[in-house]
Amino acid sequence: MKPYNFTEIEKKWQQIWEEEETFKVMEDHTKEKDYILIEFPYPSAQGLHVGHPRSYTALDIVARKRRREGRNVLFPIGFDSFGLPAENYAIKTKIHPQVVTEENIGHYTRQLKSIGFSFDWSRCVITSEPKYYKWTQWIFLQLLKHGLAYKHKMDINFCPSCKVGLANEEVVAGACERCGETVVRREKEQWMLRITNYAQRLIDDLDDVDYLDRIKAQQTHWIGRSQGATVFFPIVDTEEKLEIYTTRPDTIYGATYMVMAPEHPLIDEYKERIKNFDAVEDYRHEAKHKSDFERTQLVKEKTGVKLEGLVAFNPISEEEIPIYISDYVMMEYGSGAIMAVPAHDQRDYEFAQAFGENIRPVVSGGDLEKEAYTGEGEIINSPLINGLSVDDAIAKMIRILEERDLGKETVQYKLRDWIFSRQRFWGEPIPVVHCDACGIVPLPESELPLVLPEVESYEPTEDGSSPLAKITDWVQTTCPDCGGPAERETDTMPQWAGSCWYFLRYLDPDNDKEFASQENINYWMNVDWYNGGMEHTTLHLLYSRFWYKFLYDIGVVPTKEPYAKRTSHGFILGEDGQKMSKSRGNVVNPDDIVKNYGADTLRIYEMFIGDFEKAVTWSTNGVAGVKRFLDRVWKIQELVTSDSLDYSKDLEILIHQSIEKVGHDYENLKGNTAVAQLMTLVNAYYQKGSITRGDLEVLLLLLNPVAPHISEEIYEALGNERQISAVPWPSFDPAKTVEDQVELPVQVNGKVRFRLTLPRGLSKEEVEENLRETQGFKEYTEDKDVKKVIVVPDKLISIVVK
RNA sequence: GCCAGCGUGUCGGAAUGGCAGACGAGGUAGACUCAAAAUCUAUUGUGUUCACGCACGUAUGGGUUCAAGUCCCAUCGCUGGCACCA
């Protein structure tokens with residue numbers, strides 16, 4: 001017999017699948033569909049990571065299995081090809097990001113094909129292609145039209161050396177990730193998307209989808225809904241009212257001072273009245289130049305400045321109370337100001353201690369000598385609500401505030417609007433112009449796509465604008481509305497834009513009239529199963545749900561949620577248990593595994609390595625073990641001594657069990673135990689020494705989703721005309737998954753003492769009758785009192801004696 | 001600090017409340033070989049016994065149960081996420 005030449009076999013089958021378009025999906029809308037989606041990769045210069053095939057294989061298995069169950073399966077692939085690395089590379093080398101991106105996509109494509117995924121390559125989408133991003137721009141224009149995109153001045157992280165705005169992820173320990181320069185805050189006008197309008201729906205609709213609980217929990221937490229009250233505190237001797245948000249209106253009698261964020265606009269408005277404005281300015285300056293990093297590192301020490309000359313009035317306790325500014329209050333949350341209740345909030349407590357402010361308890365309990373008391377208790381020192389519980393007091397105080405027009409019940413979210421512009425080149429141009437006469441004017445749809453112009457250099461400009469700003473003849477244009485001179489927007493969209501809707505483009509990737517035909521959308525949506533990394537839970541996953549809900553609102557998609565089911569895979573760590581990285585030298589290249597062990601070994605190993613959801617450590621020995629398994633599978637061909645398509649009698653039960661278990665495990669991302677079961681089956685075949693053709697074929701049918709090449713090869717060698725990919729998934733007979741006889745362990749006072757073999761299916765009474773006959777029973781109950789006999793039919797017997 | 005999850009042999013890991021350690025790796029012994037690799041066979045939680053066996057054993061301490069790795073309470077440790085969010 002020929003040796004197992006995986007290189008040859010894998011090349012052969014990959015070629016067949018490509019030529020025969022085996023996995024091309026048909027728009028046959030009469031069939032039941034399954035839309036199975038993996039997160040499309042960013043085509044990095046490093047090439048595929050061994051982490052990629054883990055989730056791709058798991059879902060490829062599901063796709064391959066479900067096709068064989070007669071479903072119309074869409075399992076597409078594409079590339080999320082806009083992004084920073086290609087641009088940074090371009091700055092260094094002057095090579096157009098497009099060129100690098102194309103090369104990388106070519107590399108990824110070859111790698112992915114070498115692993116034998118059953119993607120429908122004919123539907124490949126690439127987000128940096130104009131025919132794709134035309135529709136990303138189109139969606140942006142719809143958002144703009146519906147008031148969900150707006151420009152807003154705000155502080156961003158800015159690297160003075162690179163002259164570029166940085167995303168939070170690009171700031172490491174307060175410094176620029178690329179050059180190490182200390183990052184400062186700089187005010188810039190940014191495009192924003194009103195994701196906050198959808199906050200409540202993004203929480204509520206999680207009830208209707210099947211996501212892992214931890215994904216739901218993380219999203220809910222990220223959106224961060226809280227319920228409380230807005231209260232207005234008048235500022236003495238002015239018409240002004242300071243608006244605050246609190247979740248504890250019950251403690252308002254304990255509000256002995258107020259704190260505003262350093263950026264609060266009221267400060268400038270009343271600077272004439274603030275006697276120590278210099279000190280205030282110094283503090284504000286300091287706070288502004290503290291990076292987010294420093295701000296959070298200095299959590300312990302409370303700092304601030306009292307505003308001399310401005311005094312607030314607590315409208316419930318009717319006292320005048322001082323106002324401070326402090327950077328522990330954030331401008332971005334609530335209204336940028338708080339009522340400080342030092343007795344019942346730990347931060348306020350610390351601040352009050354540092355500044356000698358009055359700590360007045362209004363809820364009984366705790367020890368205010370040590371810390372603030374945040375628990376339940378009876379309201380005290382609060383004439384209007386004394387004696388109530390916290391919950392009742394909150395409700396009553398909100399009523400009082402509303403009656404007296406001093407405030408109202410309010411819901412707050414931590415979620416902020418999405419900063420949607422980047423001062424970068426390699427992204428979708430934002431398709432609007434700035435016209436002196438008309439303001440911001442969207443491009444008409446007919447002018448889409450607005451394509452990226454050629455630029456000389458990819459460096460940002462002096463003032464931190466996108467390199468597009470330097471292309472004068474591109475920037476200078478005419479206003480689509482008035483025909484007068486206008487300038488194009490030079491910001492581009494963030495990396496996340498293209499991935500917000502790519503799953504819709506797969507449905508109809510070449511359509512140049514619509515982003516996808518309504519017919520196809522109606523047939524394929526929702527995505528039945530979407531798998532991706534946990535790191536995308538609060539960004540990509542949330543953003544794309546937001547866009548999809550918007551598309552639903554404007555009537556172009558039929559469902560409220562894009563993804564019916566979401567699962568997540570764990571990371572693969574290097575052999576040393578550390579994250580794989582070049583500098584650690586622990587990177588495993590999937591190409592090497594394919595070359596030295598074969599794609600099937602890689603695929604099986606990635607499944608066998610451990611619990612799909614957990615982080616796992618790469619093991620070269622483990623890979624070798626899987627290869628040994630496939631060698632054994634290959635050599636099973638020599639064990640076939642009968643051409644019968646029936647299963648061997650003494651293997652029948654194990655085979656039926658395996659069909660059940662392997663199918664179940666594949667569907668539940670338990671590739672590890674599915675593979676273990678296949679190993680058990682193979683071991684049993686060897687144990688028996690001679691098997692039928694039917695025995696081998698059923699093994700191949702089960703093995704095929706995880707190891708498609710070797711299984712097709714052996715199946716063909718057995719003389720089958722059809723490929724396994726066209727053979728229905730095998731079925732099992734539940735009656736044949738169990739033995740006629742069962743061996744029941746007999747526990748005496750919780751310990752297994754002996755066993756009893758009985759026919760399956762006996763009633764409790766029958767089992768007990770049989771039990772009482774046994775030598776063991778007599779032995780263990782001799783001169784003892786049998787308290788209880790518990791029979792779990794076909795499982796176990798438990799005897800309690802005294 | 002908060003949220004989610006985890007803790008099982010030498011290692012990766014299995015176990016709808018019902019025989020803990022499936023499957024794999026590694027180790028040990030043997031077969032084949034001049035030898036090695038590969039392959040095959042046996043063995044492999046700890047203690048104790050010549051042995052059948054017996055006792056112990058799923059981070060720690062307690063509890064519920066005829067029965068707990070699994071459920072409950074507390075503690076310790078680890079991982080991921082969030083974090084001066086009022």
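Computed from heavy atoms alone, side chains included, the values below leave out hydrogens, waters and symmetry copies. Each chain gets a letter, A, B and so on, in the order its sequence line appears, and its residues count up from 1.
Put simply, R753(A) has no side-chain N or O that comes within less than 4.0 Å of OP1 or OP2 on C66(B). Proximity of Y333(A) to the phosphate of A86(B): a side-chain N or O atom is located under 4.0 Å from OP1 or OP2. For the pair N672(A) and G13(B), the criterion of a side-chain N or O lying under 4.0 Å from OP1 or OP2 is not met. Between R632(A) and C40(B) there is a side-chain polar atom (N or O) within less than 4.0 angstrom of OP1 or OP2.
Counting to the nearest Å, the C1' atom of A86(B) and the CD1 atom of I394(A) are 13 Å from each other. Protein atom CD1 of I223(A) is 22 Å distant from nucleotide atom P of C2(B), rounded to whole Å. If you take CG of L573(A) and P of G80(B), they are 9 Å apart, rounded to a whole angstrom. Look at CD on E613(A): it is 15 Å from C1' on G81(B), rounded to the nearest Å. Here the C1' atom of nucleotide U79(B) and the NZ atom of K579(A) are 14 Å apart, to the nearest Å.
Within 4.0 Å of M679(A), counting heavy atoms only, lie sugar-phosphate atoms of the nucleic acid but no base atom. Looking at heavy-atom distances under 4.0 Å, R416(A) makes contact with a base. Nucleic acid contact for G625(A): sugar-phosphate only, since backbone atoms but no base atoms lie under 4.0 Å from a heavy atom of the residue. Counting non-hydrogen atoms under 4.0 angstrom, S619(A) reaches nothing in the nucleic acid. When heavy atoms are screened at a 4.0 angstrom cut-off, V800(A) is found touching the sugar-phosphate backbone but no base atom. Here I609(A) lies in heavy-atom contact (under 4.0 Å) with sugar-phosphate atoms only. Here R628(A) lies in heavy-atom contact (under 4.0 Å) with sugar-phosphate atoms only. Across all strands shown, T617(A) has no heavy atoms under 4.0 Å from either base or sugar-phosphate atoms. Among the protein residues, K788(A) comes within range of the sugar-phosphate backbone only, with heavy atoms under 4.0 Å from sugar or phosphate atoms but none that close to a base. Using a 4.0 Å heavy-atom distance criterion, N683(A) is classed as a sugar-phosphate-only contact. As judged by a 4.0 angstrom heavy-atom cut-off over every strand, K751(A) is placed among residues touching the sugar-phosphate backbone only. D611(A) comes within 4.0 angstrom of sugar-phosphate atoms only, judged by non-hydrogen atoms across all strands, and of no base.
Comparing G622(A) and I799(A) against RNA chain B, the residue whose closest nucleotide sits nearer the 5' end is G622(A). Along RNA chain B, the nucleotide nearest to F608(A) and the one nearest to T246(A) differ in position, and the one closer to the 5' end is contacted by F608(A).
No hydrogens or angles were tested; on distance alone, nothing pairs the side chain of R214(A) with the base of C3(B) as donor and acceptor under 3.5 Å. You'll find a donor-acceptor pair under 3.5 Å spanning the side chain of K302(A) and the base of C84(B), going by distance alone. Side chain Q747(A) to base G18(B): a donor-acceptor pair is found below 3.5 Å.
Nucleotide U70(B): unpaired (no Watson-Crick or G-U wobble partner with both distances less than 3.5 Å). Checking G1(B) for Watson-Crick or G-U wobble geometry (two distances, each under 3.5 Å) identifies C82(B) as its partner. Pair assignment for U75(B): A59(B), on the basis of Watson-Crick or G-U wobble contacts that are both within less than 3.5 Å. A42(B) is paired with U28(B) under the Watson-Crick or G-U wobble criterion, all donor-acceptor distances under 3.5 Å. Shown here, G17(B) forms no base pair; nothing in the strands shown gives a Watson-Crick or G-U wobble contact with both key distances under 3.5 Å.
Closest approach to the S226(A) side chain among A86(B), C19(B), A14(B) is made by A86(B) (side chain taken as heavy atoms from C-beta onward). Comparing A14(B), C23(B), A86(B) by their nearest atom to the side chain of M330(A) picks out A86(B). In the set C84(B), A86(B), A15(B), A86(B) carries the atom at the smallest distance from any side-chain atom of K414(A).
Distance OG/S335(A) to CG/L242(A): 6.5 Å, rounded to 0.5 Å. A distance of 14.0 Å separates CG in D576(A) from CH2 in W618(A), rounded to the nearest 0.5 Å. Annotation: the span from I799(A) atom CD1 to Y780(A) atom OH amounts to 10.0 Å, rounded to 0.5 Å. Atom-to-atom distance recorded for T410(A):OG1 and L401(A):CG is 10.0 Å, nearest 0.5 angstrom.
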Checklist line | Pair E606(A)-R54(A), salt bridge (charged side-chain N to carboxylate O under 4.0 Å, His left out): steps then yes or no | finding: CA-CA 5 Å; E606(A) 297 249 1; R54(A) 189 179 191 195; 5.5 Å; no
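Residues K764(A) and E768(A) are not paired through a salt bridge, judged by the lack of any N-O separation under 4.0 Å between the basic side chain and the carboxylate. With respect to the salt-bridge test (charged N to carboxylate O, under 4.0 angstrom), the residues D631(A) and K635(A) do not qualify.
For G24(B), the glycosidic angle deviates from 0 by more than 90°, giving an anti base.
Within 6.0 Å of atom CG in D204(A), more than 12 heavy atoms from other residues, nucleotides or ligands are found, so the atom counts as buried in its surroundings.
A68(B) sits 13 Å from G63(B) when the P atoms are compared, rounded to a whole Å.
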